[in-house]
Amino acid sequence: MLLCHISVAQKFKDVVANGDLTFADNNFFAASQYYQQAILLDSFDVDVQYKYAEASRLNYDYEVANYWYQKVYKNQSNENKYPECVFWLASTYKSIGRYKEAKQLFAKYIQLSKKESFYLLKAKQELLACEEAKWLIDNPNTNREIIQLDSSVNSVVSEYSPFKVDSVLYFSSIRKVLDTLVLDSTDNSNIYEALKRGDSWLDAIVMDSTINDSIHNANFVINQDKSRAYISRCKQVNASEYSCAIYSSSNMDGVWTPFVKLPEQVNAIGYTTTQPAVAMIDGQQYLYFSSNREGGYGKMDIWYSSINEDGTFGAAINAGEKVNSIGNEITPFYCGHCQKLFFSSTWHAGLGGFDVFESQLDSAGYTDPINLGVPINSAYNDIYFNISNDNNEAFFSSNRTGSFFENSERCCNDIYMFTLPKPPPPPIDSTIIWMATLKQLPPIELYFHNDEPDKKTMATLTNINYEQSYIDYAALKGKYKQEFGKGKDEDTLLRMNSIDTLFNQYVDLGMKQLEEFTKLLVLLVKENKQIEVTIKGYCSPLASTRYNQNLAQRRVESLRNYLNQYNNGVLQPFINGNDSIGCINIIEEGIGELEVAQGVSDDYYDVKNSIYNPRAALERKIRILAVDVIEEKK
């Protein structure tokens, strides 16, 4: 019996030690699991009770935390040992919506406190917040229907930082990358994009390695004219903390250049700078961000820096004491047409966790923040509020009850949205809509089977129509699976799945976009519009340059044939036609040579990797780079 007791005692010590190690690394989920095991071995150990409560609170398991804080709090002998216990018990009561108990305990903490501290100031603030929370719950905005995005976007891990431009939603996620065509497998946070068609979202796809670096990537945003993008890139400090900086990229012919770290005016050395947002205020462009740099009011503050015409940045300016507090203010977004700054805060009076607030910008600066209320805010973390560039939809992230989760309820953020009320639309010429839609479609990438069209020739012209080339290519999907799936290794299924990705997300999508593009061309030329279409062919460097350049010319020619023959030749009179009617001018931007993709073979006999490898297939393409409506013909 003695040996058994010693064994249990040793196991108890080991489990607690493991819990302490994981807690110190900010891995609160793992720590809570260890402390739970320790509780099962000795449920009367007050130190473990308190540690279990702390880990559970930090893992957002507020009901569990509340139960064990109560255990510790009811033992009066622990009052001096755990002076913050009553504060955290009050906080967990607030987080589970029991505001009456929370208010009583915050008042008691204030009474017991002997000296000024952050917790004392927070307790006084939370007394007011409990009253505000009750009012917000009793007076919800019933005109806002919150929609949780489905599994096309959300998963059982965290999705956050939504940013919608036109029909594309960009967001960040820590899900494991499956699309090895564009990014090697990684467990980092990465940027994804999801296309909206009607009221539905197509399955999100990970963006390529230009956007997603080998460290954590988040908070992808684009400025108003879509010429520059910004992103946060972060190195992991421990299980839940990161050191971040903001990077930017330029849009060159529809392609993002490699991201470059912004200068010290934005990225203060030795501090975290993250969550970029671009704003246009009185004709001046600004970059808003969140940082814990010196000169702030508390922990994370909202800052902004002017973006000069030459691409340099002004000194960082704090958004002020009405916006920022001694707590945390994060995820800024400035709404240009309503002149409001939206952000999330743990300090200003709210329902619990981070709430979303708005502050009006006037001649005197920012006004006192206003809580956006229920149902946008909840007792959990509501962050990354953002309005789409067409001002029709608002998005945010939250780990509220109902969010998808894998290991622990409320562990992970999902993306939510609601529709904004639309003002009565002014009369608009339908051609304006057609032109705007047409300009948004490029770049459109069109793909080809190996050495097509017209194999083994040095000709630069072809009679093949791209639509026929696409049909023949799509019919080879089974052949691609058969050839690229060869082998008995454990990656066979992954390779076959990558063929589905190749055809569904690239080959088929390109043809669909081309059909939509061509329909709009017909509508606009019939309205007497002059249109310029810029096309570029690409060739792989695996064969001779001259041969591949001629092949690229034939591929461009197949697109010309498609446009000339579309709908019984309806566009033919307009392509490089006379000036008395609408006109389509096709401009070729030369031939671009692609770098050899990793895993692509130049061995003629290695057809698996030189022809049927999806990475090789992605090199066989032409691209509609841009379209412009020059003028209306008279």
Side-chain angles (χ1 to χ4, degrees), residues 19-20 23-24 26 28-29 31-32 35-36 39 45-137 240-241 292 297-300 324-330 344-355 371 377-382 399 410:
D20 293 345
F23 190 96
N26 283 12
F28 304 119
F29 172 74
S32 67
Y35 294 140
Q36 184 182 38
I39 288 284
D45 189 296
V46 178
D47 288 338
V48 175
Q49 290 176 351
Y50 192 74
K51 289 177 179 181
Y52 188 25
E54 290 279 90
S56 298
R57 171 178 60 83
L58 292 167
N59 195 47
Y60 309 118
D61 292 328
Y62 295 130
E63 291 87 352
V64 175
N66 180 268
Y67 177 84
W68 290 104
Y69 280 131
Q70 285 189 63
K71 287 280 190 182
V72 177
Y73 173 68
K74 288 178 181 178
N75 188 338
Q76 295 299 317
S77 63
N78 297 321
E79 191 171 285
N80 293 328
K81 188 173 184 181
Y82 305 107
E84 267 71 61
C85 180
V86 62
F87 176 87
W88 291 122
L89 178 59
S91 296
T92 56
Y93 269 124
K94 184 187 176 196
S95 295
I96 60 178
R98 294 174 62 174
Y99 297 107
K100 181 179 178 181
E101 292 93 333
K103 190 175 177 181
Q104 291 172 346
L105 288 167
F106 280 127
K108 181 164 186 179
Y109 180 80
I110 294 169
Q111 180 184 358
L112 292 173
S113 296
K114 302 293 191 296
K115 60 181 180 180
E116 194 80 359
S117 68
F118 172 85
Y119 293 111
L120 176 59
L121 294 174
K122 181 65 172 172
K124 292 177 179 178
Q125 178 73 359
E126 290 290 61
L127 274 181
L128 302 175
C130 286
E131 289 298 321
E132 176 78 0
K134 288 170 60 179
W135 187 91
L136 292 171
I137 290 172
S240 63
E241 292 183 336
N292 61 351
Y297 289 87
K299 300 176 182 179
M300 295 294 285
N324 293 311
S325 70
I326 62 174
N328 284 304
E329 280 71 43
I330 61 171
S344 291
S345 173
T346 55
W347 183 266
H348 300 299
L351 294 155
F354 281 100
D355 273 21
N371 191 300
N377 286 318
S378 68
Y380 297 91
N381 292 326
D382 305 294
N399 65 335
R410 297 183 292 272

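The distance from the CZ atom of Phe354 to the CG atom of Asn381 is 6.0 Å, given to the nearest 0.5 Å. Between the OH atom in Tyr119 and the OG atom in Ser91 there is a gap of 9.5 Å [rounded to 0.5 Å]. Interatomic distance, Gln70 CD to Gln49 CD, rounded to the nearest 0.5 Å: 11.5 Å. The line from CZ of Phe23 to OH of Tyr52 is 13.5 Å long, rounded to the nearest 0.5 Å. Distance check: Asp47 CG to Tyr35 OH gives 10.0 Å after rounding to the nearest 0.5 Å. Atom CG in Asn399 sits 7.5 Å away from atom CG in Asp382 (nearest 0.5 Å).
Closest heavy-atom contact between Tyr99 and Ala133: CE2-CB, 3.4 Å. Closest approach of Asp355 and Ser378 over heavy atoms only: OD1-O, 3.4 Å. Contact detail for Ala31 and Gly19: the closest heavy-atom pair is CB-O, 3.7 Å. Contact between Pro83 and Tyr109 at its shortest, heavy atoms only, is O-CE1, 3.5 Å. When all heavy atoms are compared, the tightest approach of Leu127 to Ala107 is CD2-N, 4.0 Å. Counting all heavy atoms, side chain and backbone alike, Asn66 lies closest to Thr92 at ND2-OG1, 3.1 Å.
At distances below 3.5 Å, at least one donor-acceptor pair connects side-chain atoms of Asn328 with backbone N or O atoms of Met300. Proximity of a side-chain donor or acceptor of Asn371 to a complementary backbone N or O of Ala349 within less than 3.5 Å is detected. Without hydrogens or angle criteria, Asp61 side chain to Arg57 main chain gives no donor-acceptor distance under 3.5 Å.
The aromatic rings of Trp347 and Phe118 are tilted relative to each other, their planes meeting at an angle between 30° and 60°.
Cation-pi geometry between Lys94 and Tyr62 is not met: the NZ or CZ atom fails to fall both under 6.0 Å from the ring centre and inside 45° of the normal.
The pair Glu54-Lys51 does not count as a salt bridge, with every side-chain nitrogen at least 4.0 angstrom from each carboxylate oxygen. A salt bridge links Lys103 with Glu131: the distance from a Lys NZ or Arg NE/NH1/NH2 to an Asp or Glu carboxylate oxygen falls below 4.0 Å.
In this structure Ala53 satisfies the side chain to side chain contact (heavy atoms under 4.5 Å, CB included) test together with Trp68, Tyr69, sequence neighbours excluded.
Sequence neighbours left out, not one pair with a member in residues 112-125 passes salt bridge (charged side-chain N to carboxylate O under 4.0 Å, His left out).
In this structure the side chain of Tyr73 reaches within 4.5 angstrom of the side chain of Leu105, judged on heavy atoms. Between Lys299 and Asn292, the closest side-chain pair of non-hydrogen atoms is not below 4.5 Å. By the 4.5 Å heavy-atom criterion applied to side chains, Ile110 and Leu120 are counted as neighbours.
Ring centers of Tyr380 and Tyr60: at least 6.0 Å apart, outside the cut-off.
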